[in-house]
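Below, chain A is the first sequence line, B the second, and so on; all start at residue 1. From a predicted model like this one, the values you see are computed outputs, not experimental measurements.
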Amino acid sequence: MTEQPSGVIHDIGYRKYDGPRLGRARVTRALYAHSLRGAYGLGRSARAKVLPMLLLGVMALPAFIIAVITNVTSDITGGLPLPYSRYVMVTMPILAIFLAAQAPASLSRDLRFKTVPLYFSRPMERSDYVLAKYGALATAVFLLLTLPLLIMYVGALLAELPAGEQTGDLLLALLGAAVFAVVFAGIGLVIASLTPRRGFGVAAIITVLALSFAAVSALQGIIRYEVGDADLAGWLGLLSPATLVDGFQTWVLDASSSSVAPPPGAAGGVVYVLVTFAVIGACWALLNLRYRKVAVS
Amino acid sequence: MPVIQTEELTKRFPATTALDRLSIEVEPGVVGLVGANGAGKSTLIKILLGLSPATSGRASVFGLDVTEDGPQIRERVGYMPEHDCLPGDVSATEFVVHMARMSGLPPDAARERTADILRHVGLYEERYRPIGGYSTGMKQRVKLAQALVHDPEIVMLDEPTNGLDPVGRDDMLLLIRRIWAEFGITVLVTSHLLGELERISDHVVVIDGGTLLRSSSTSEFTRTSQTLLIEVSAEADAVAATLTSAGLTVKRDGAQLVLPLDDDEVYDLVRDAVAAEGVGLIRLEQGRHHISEIFGEDQGGVGR
């Protein structure tokens, strides 16, 4: 008890933390915010900002041109040269590149640097991690799709197109964009979660999202116009994510189809809807399965 | 109350048995977990964190069951993995702040505690540079910082001295000792080197092949295991004879003499013996055991 402290004071000493500890839900939200910012390179190096910001610009440019054209030609045409709901399909390559770059940046990074065990040795559950990452990328994609639609909308209003009609079309297109975002983010993340190598992830995502669209569209064209079977061509649209969601919004949201062949009839429409939800569910399940098994060593 | 308790804890992998009915109790303090590579140290830590399920048996941390109360346990535990786990493209500050947030700290508290803890582990200006350019020693400090940033009640350090040079090793060991002595955080630290752990631990648990070899407080442990290594400039035999006549069991190891270090009086005896023979003392250091030596000695030491 009488022992004198023999050490020297080097610093102000260790301070205990007795402030609040936020629970799982808040931690998940923090990871969501961190990942969403990360998808646009915010809070990361300047180099990480270049590509997402460039893509955002490239995505918005055609919308800006459309808005200008609408204003110049509004007396003649009396409408937007391109409907809102077709914008995603027209800019599909940009969307594919964005996902190919940002899905691996979100997941493969943690796998490559083996940071995953640090998350799972903290209060969050594995499904919280998946939820935060999935939600963040889906939101990032949705924002990428929303910006050009808003530009077109502002252009349409400036051209004094009927506001009620434009607003209705925009909202339906935004709903479609949300489905695109969830489906595409899911597929991108499932692929990215399988490899710690960023390059593989990028190549695989481009292949699945963009090349499958090109291949399916070509095949649909051949079958519809050469073979003359419009129904079979319509069914083929289920095989690529882009034509699938396009079919979904054509049927559910009454959007103008960009595919070579829309879903065949009411039965086809229902199948498109079911498959769309099945794909989302499958992505969620596969990601959770993947992270239940992911090595923590 | 023990901080960590395991009962008949078993973990089987398809090819091997990593833990075989292991029962240990860990009291607050610095607890060294010693074993050769593959002895089951990392497996035990992963089970305690709820990262990996046990095949059978029970384990509890703070009296909470690891299979049922994983999230509550993980809120109060810090974990420093053995492997590299740091992204190379962010700075130590950004990384540790993020990890503090992931432990449930609000943004302001996360930043404040990150600055504090990085200073405590000895990272200053370099903390704003990307981690990719750090030395192994600095990386180990960042790994330690992320395990401490949320002020846990117990921190589990898996081979924290791995890959460090002797000076870095000593710094890290001192730091670990401070975590308990100054921060008041119980430490479970693993190593395959018994020598370095017995210097800083209050209690040492030795496991081999997933089974408990011995568990004892360091004082009683070192009584039987600590040795003093000396080397003299000449007349080694005469010095050995003098020490033997003073009641010590002296072993010759090449040019060096190995003595049991029962208490500090041994140092005085060495000093006297060297002075009496009038020779120079070239080396005087505590023997650092590799875990295998201890077991070799144990098997041979029948007369004890």
Side-chain angles (χ1 to χ4, degrees), chain A residues 5 7 9-35 37-38 41-48 105 108-129 132 198 292-297, chain B residues 42-43 45-46 49-52 70-91 94-95 98-110 112-113 116-117 119-120 130-132 143 146-152 156 178-179 181-185:
Chain A
I9 296 171
H10 294 290
D11 49 47
I12 55 170
Y14 184 77
R15 281 185 292 174
K16 283 272 166 198
Y17 177 74
D18 42 21
R21 290 173 194 271
L22 313 172
R24 265 176 65 187
R26 298 283 296 276
V27 169
T28 308
R29 226 164 68 191
L31 181 61
Y32 167 81
H34 184 263
S35 307
R37 287 163 48 81
L42 303 173
R44 290 173 58 198
S45 65
R47 226 178 42 179
S108 310
R109 230 173 125 259
D110 286 348
L111 290 172
R112 181 159 46 109
F113 292 121
K114 296 185 181 161
T115 321
V116 179
L118 297 186
Y119 287 104
F120 296 161
S121 60
R122 291 181 149 76
M124 84 169 27
E125 293 289 335
R126 290 160 193 231
S127 59
D128 297 338
Y129 178 86
R198 194 171 171 163
R292 197 155 340 148
K293 300 224 175 235
V294 76
V296 284
S297 58
Chain B
S42 300
T43 307
I45 287 188
K46 278 173 211 154
L49 286 167
L51 287 177
S52 161
Q72 289 96 301
I73 293 175
R74 292 199 295 268
E75 207 166 79
R76 299 156 69 183
V77 172
Y79 169 50
M80 170 178 174
E82 177 181 1
H83 56 73
D84 213 8
C85 60
L86 307 172
D89 54 356
V90 297
S91 71
E94 287 170 282
F95 179 70
H98 178 54
M99 281 302 145
R101 299 276 282 126
M102 292 303 101
S103 292
L105 266 56
D108 292 343
E112 200 174 303
R113 283 205 52 90
D116 267 15
I117 207 73
R119 187 169 45 80
H120 279 300
I131 297 173
K143 280 165 65 177
Q146 65 80 27
L148 291 170
V149 69
H150 54 296
D151 189 25
M156 302 186 188
R178 278 180 56 207
I179 294 174
E182 291 177 29
F183 306 176
I185 299 170

Should Arg109(A) and Asp89(B) be marked as a side chain to side chain contact (heavy atoms under 4.5 Å, CB included) after you check the CA-CA gap, both sets of side-chain angles, and the distance that decides it?
CA-CA 10 Å; Arg109(A) 230 173 125 259; Asp89(B) 54 356; 2.8 Å; yes

Honestly, the part of Ile73(B) sitting under 4.5 Å from a heavy atom of chain A is neither

query = Can you find a heavy atom in the side chain of Pro87(B) that is under 4.5 Å from one in the side chain of Thr115(A)?
reply = yes

Rounded to the nearest 0.5 angstrom, the OG-CG distance for Ser103(B) and Leu22(A) is 10.5 Å

When every non-hydrogen atom of Leu51(B) is compared with those of Arg126(A), the smallest separation belongs to O-NH2, 3.3 Å

Would you say Leu118(A) and His98(B) make side-chain contact, with heavy atoms under 4.5 Å? no

Turns out that what part of Leu148(B) lies under 4.5 Å from chain A's heavy atoms comes down to backbone

(message) Go through it in stages, so that I can follow the logic: the residues are Lys114(A) and Glu82(B), the test is salt bridge (charged side-chain N to carboxylate O under 4.0 Å, His left out), and I'd like the CA-CA distance, side-chain angles, deciding distance and then a yes or no.
(response) CA-CA 11 Å; Lys114(A) 296 185 181 161; Glu82(B) 177 181 1; over 6 Å; no

Interface check, chain A: of Ala147(B), Pro152(B), Gly104(B), Ala109(B), most non-hydrogen pairs under 4.5 Å belong to Gly104(B)

Q) Would you say Arg74(B) and Glu125(A) make side-chain contact, with heavy atoms under 4.5 Å? A) yes

Under 4.5 Å to a heavy atom of chain A? For Arg113(B) that would be side chain

Note: Pro20(A) and Pro106(B) closest approach over all heavy atoms is O-CD, 3.6 Å

Could you walk me through whether Met99(B) and Arg122(A) satisfy the side chain to side chain contact (heavy atoms under 4.5 Å, CB included) test, starting with their C-alpha distance in whole Å, then the side-chain angles of each, then the deciding distance to 0.1 Å, before giving a yes or no? CA-CA 9 Å; Met99(B) 281 302 145; Arg122(A) 291 181 149 76; 3.7 Å; yes

Against chain B, residues from residues 25-35 of chain A with at least one heavy atom under 4.5 Å, in numeric order, are Val27(A), Ala30(A), Leu31(A), His34(A)

Note to self: Do Tyr14(A) and Asp116(B) make a side-chain contact, defined as non-hydrogen atoms from C-beta onward lying under 4.5 Å apart?
What the structure shows: no

Scored by heavy-atom pairs under 4.5 Å with chain A, the best of Thr43(B), Leu105(B), Val90(B) is Leu105(B)

Sorted by chain and number, sequence neighbours left out, side chain to side chain donor-acceptor pair (under 3.5 Å) with Arg198(A) holds for none

Chain A shares the most heavy-atom pairs under 4.5 Å, among Glu75(B), His150(B), Met102(B), with Met102(B)

